[in-house]
Amino acid sequence: MRIDYLTLFPEMFEILNHSIMKRSQDKGIVSFNTVNFRDFANNKHHQVDDYPYGGGQGMVLKPEPVFNAMESLRTTKDTRVILMCPQGKRFDQAKAEELAHAEHLVFICGHYEGYDERIRTELVTDELSLGDFVLTGGEYAAITMTDAIVRLIPEVLGNEVSHEDDSFSSGLLEHPQYTRPADYKGMKVPDVLLSGNHKNIESWRHMASLKRTLERRPDLLETYPLTEEDLKILEQMKNSH
């Protein structure tokens, strides 16, 4: 996978040269490239923003630098061009899994009050947001999304199935995890996890995931394919409170 970032602050992406993101580059699985679209401004002051037509607060990113920067990239008809925008669709695990299959991603990271609308309508395939809040710049969101996407690419993580039990991957929050010692200051690991009975362990983990999701993110249960047994378990949990 190749990922390009159109940004005014390329140095912010230095964080991608550490930990799993660095290892993924060292393995040749993914490559990251930053493009400062200020370099593509067609005025002597390299101005990338201007006042909005019709008046209003703040400044708007001009189309020319972003269009020119995009033209400098090697794109194909399958390139996904992602606009970092608080108006965009909320990024989630399902979107991360979808984008993990792409060969080329381009993140457009904005600043100021917004984008000239022609950037949105002519260049972009996806508009994404981390949530209902506004960040200083799109770089923070792009870096976070990159981590969520790249870790799903085969061979990036040491254990090929290590992400499958992550919260949201199954549609439920992840079950509680424990490690040694089995008894720490009187706080004991549930007996079932020490039993060696894999069927019982999986059953416990599923119930624990249902319980945690019910308590913390009940909205996820609205789209999760609950079985009749799941519904009975959830009803018992609700009645026990």
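Keep in mind it's a predicted model, so treat the numbers as computed, not measured.
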Task: Pairwise side-chain contact, Met70 with Glu122, heavy-atom cut-off 4.5 Å (strictly under) - done: no
- [ ] Decide yes or no for Phe13 and Ile143: does some side-chain heavy atom of the first lie under 4.5 Å from some side-chain heavy atom of the second?
- [x] yes
Would you find a donor on one side and an acceptor on the other, under 3.5 Å apart, between the side chain of [X] and the backbone of [Y]?
X: Ser129; Y: Gln87; answer: no
X: Thr144; Y: Tyr140; answer: yes
X: Ser203; Y: Lys199; answer: no
X: Tyr115; Y: Gly110; answer: yes
X: Arg2; Y: Arg74; answer: yes
X: Arg205; Y: His175; answer: no
X: His111; Y: Thr136; answer: yes
X: Ser19; Y: Met21; answer: no

Please check if [X] and [Y] belong to a single hydrophobic cluster, counting links between Ile, Leu, Val, Met, Phe, Trp and Tyr side chain heavy atoms closer than 4.5 Å.
X: Tyr184; Y: Val189; result: no
X: Leu73; Y: Leu16; result: yes
X: Ile15; Y: Ile149; result: yes

Task: ring pair (Phe, Tyr, Trp, His ring centres under 6.0 Å) partners for Phe40, two or more places apart - done: none
Salt-bridge criterion met for [X] and [Y] (N-O under 4.0 Å):
X: Glu215; Y: Arg212; result: no
X: Arg90; Y: Asp132; result: yes
X: Glu228; Y: Lys232; result: no

TODO: Decide yes or no on side chain to side chain contact (heavy atoms under 4.5 Å, CB included) for Gln93 and Glu97, but give the supporting numbers first.
DONE: CA-CA 6 Å; Gln93 188 71 11; Glu97 292 170 357; 3.6 Å; yes
Could you pull out every donor-acceptor pair under 3.5 Å between side chains of residues 49-67 and any protein atom, sequence neighbours left out?
none

- [ ] Please assess Glu229 against His206 for the test side chain to side chain contact (heavy atoms under 4.5 Å, CB included), listing each intermediate value before the final yes or no.
- [x] CA-CA 11 Å; Glu229 184 63 25; His206 182 64; over 6 Å; no
Open item on the list: What's the separation between atom SG in Cys109 and atom CZ in Phe37, rounded to the nearest 0.5 Å?
Closed with: 8.0 Å
Open item on the list: How long is the straight-line distance from CZ of Phe107 back to CG of Asp4, given to the nearest 0.5 Å?
Closed with: 10.5 Å
Open item on the list: Using 30° and 60° as the class boundaries, would you call the ring planes of Tyr5 and Phe32 parallel, tilted or perpendicular?
Closed with: tilted
- [ ] Tell me, with the steps shown, if Ile3 and Val150 meet side chain to side chain contact (heavy atoms under 4.5 Å, CB included).
- [x] CA-CA 10 Å; Ile3 305 180; Val150 171; 4.0 Å; yes
Open item on the list: Counting neighbours of NZ on Lys95 that are heavy atoms of other residues, nucleotides or ligands and sit closer than 6.0 Å, is the number greater than 12?
Closed with: yes
TODO: Identify which one of Val106, Leu99, Val124 satisfies the side-chain contact (heavy atoms from CB on, under 4.5 Å) criterion when paired with Ile82.
DONE: Leu99
